[in-house]
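Protein chains get the first letters and strands the later ones, always in sequence-line order, with residue 1 at the start of each.
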Number of protein chains: 2
Amino acid sequence: MVSTSAFARSAALVGDPARANMLAALMDGRALTAKELARAAGVTPQTASGHLARLTEGGLLAVEQQGRHRYHRVASASVAHMLESIMSVAAECGGVARGKPISVGPRDKALRHARTCYDHLAGELAVRLADKLIERGHVDFSADGGALTPEGATFLIALGVQFEAKSSHAASGRGSRLFCRPCLDWSERRSHIAGAVGAAICQCCLGHGWVKRLDGTRAIEVTPAGRRGFASAFDLFIEN
Amino acid sequence: MVSTSAFARSAALVGDPARANMLAALMDGRALTAKELARAAGVTPQTASGHLARLTEGGLLAVEQQGRHRYHRVASASVAHMLESIMSVAAECGGVARGKPISVGPRDKALRHARTCYDHLAGELAVRLADKLIERGHVDFSADGGALTPEGATFLIALGVQFEAKSSHAASGRGSRLFCRPCLDWSERRSHIAGAVGAAICQCCLGHGWVKRLDGTRAIEVTPAGRRGFASAFDLFIEN
DNA sequence: CCGAAGCTTCGGTCGCGGCCGAAGTATCCT
DNA sequence: AGGATACTTCGGCCGCGACCGAAGCTTCGG
């Protein structure tokens, strides 16, 4: 039995304000150092170190050492998905202190429009992009949890999307990362593209300068070049 | 901005062992009384009452009063989805105390095979059922976050599936409940059918006696009648 | 080899929150 | 009415864990 205590433990790790701030800062998929995370959480490095140890031990974060720096990142896509789903609930029920209809700030608006979700694109932009790819038969979400069709692969490669060559590790059973997986978008309530394909598309868009990250948040902005690019490549027209 | 403190608060509510046990007990979509939940959590009724008040205040539970009984249930499908995603992470990283390959108990096996997820079917059974319906063109997950086709509606109604007649409330914007939504299955890593259609199918299967709940868990069992029913209605053959 | 930087470990303080016993309120039954 | 049941509120106890200061460890640069 997956003990309910493991269930509580995972949630408790996210439940501390300092750790929640750290996780929120890591939600864009980047790897940050302990000091940066301490700043983000508003605590001293010692305290942050303790929290990071717990998060790593609990399987929520993975750490990579480079010289005297230790880079922390979200451990897996399923952890990122869990964090997104908690955010979704918090957004729904969090602000109802006095029945107010959840005033949505401009910050929120930007997040709803386009953001990163761990390592792939999310928000309205990503959902519309997924729609286009499905419409053209490049991606199929109805089959076996999501698949990239041969035509889709050809199309994306021609566009400059580079997929990981890690097929050796990809064969390691059902625990391995799904190639092209639907991911339910918390703001749009519809699926966008996650998995290796989603990550590669995101990298491609960043590489082409079509989108760029906004300051220290998960929100992203579509550049003028991006508007042209999305229009010509995907027949997708972004307003604003 | 959806404050990160709301984020932490939602997670912290799930993070307490007693509350986690209560939520786990409610994951099958039933509504339970405070006393039953106190037993499930292993605490006294007073303590349980306090926890339930917090969970309700936090928007995770909804409560319905009937005479001197107060029935508590999971507040929404998105909350149920959050709980499933936390379980998913807990199942992955929870048992790795000593690198052991997560020994899967018989209880777990039953859960993986067939269970309820809030108000609809989940597990291998549900995923295979979804596959069949997609294959026949009764359900379409590629369109607009999931849709029931006209043929699908005809087929299900003929089968005795009864949909809610709440179309008045269903018109209340995008926040309203999706009619037929894909829900990523944590054990199978593939989508099954959620939303109103998923709930109606689950009700139908229970009503026909095709499946029945096992004692106090979320696991369900396919009856002999169910094996015949799934085979004739969906061309779906259940072993074991 | 020395100092600085990044991070962790240790030790001690302190406050939040879980827990229960007892008492209070509401509802049902006869 | 009287008693039983379901649940909540109040008050006090207690322990876990978050936090920081100080000290230790490792790596990098000169």
Quick check on D:dT8: is either OP1 or OP2 less than 4.0 Å from any side-chain nitrogen or oxygen of B:S49?
yes

Would you tell me if any nitrogen or oxygen in the side chain of B:T47 comes within less than 4.0 Å of OP1 or OP2 on C:dG18?
no

Length of the CD-P vector between B:Q46 and D:dC13, whole Å:
17 Å

For A:H51 and C:dT8, give me the distance from atom NE2 to atom C1', rounded to whole Å.
14 Å

Please state how far atom CG in B:L37 lies from atom P in D:dA6, giving the value in whole angstrom units.
14 Å

For the residue pair A:I201 and A:V161, what are the closest heavy atoms and their distance?
N-CG1, 4.0 Å

Separation of D:dC19 P from A:R54 CZ (nearest whole Å):
10 Å

Aromatic ring centroids of B:H51 and B:H72 under 6.0 Å?
no

Has A:R70 got a side-chain N or O lying under 4.0 Å from the OP1 or OP2 atom of D:dT26?
no

Considering just the side-chain nitrogens and oxygens of B:T44, establish if one lies under 4.0 Å of OP1 or OP2 belonging to C:dC20.
yes

When rounded to the nearest 0.5 Å, the distance separating CG of B:L52 from CZ of B:R54 is 11.5 Å

Any salt bridge between B:R115 and B:E84, counting N to O under 4.0 Å?
yes

Looking across every strand, which nucleic acid part, if any, lies under 4.0 Å from B:A18 by heavy atom: base, sugar-phosphate, or nothing?
sugar-phosphate

Without decimals, in angstroms, what is the distance between A:L52 CG and C:dG6 C1'?
13 Å

Is there, by distance only and without an angle test, a donor paired with an acceptor across the side chain of B:R68 and the base of D:dT5 below 3.5 Å?
yes

May I ask you to evaluate whether B:R19 reaches the phosphate of C:dG18, defined as a side-chain N or O under 4.0 Å from OP1 or OP2?
yes

Rounded to whole angstroms, how far apart are CG on B:L55 and C1' on D:dT8?
16 Å

Rounded to the nearest 0.5 Å, what separation is found between the CD1 atom of A:I86 and the CZ atom of B:R9?
13.5 Å

Quick one: B:E57 CD to C:dG17 P, roughly how many Å, whole number?
13 Å

d(NE2, B:H69; P, D:dT8) in whole Å:
13 Å

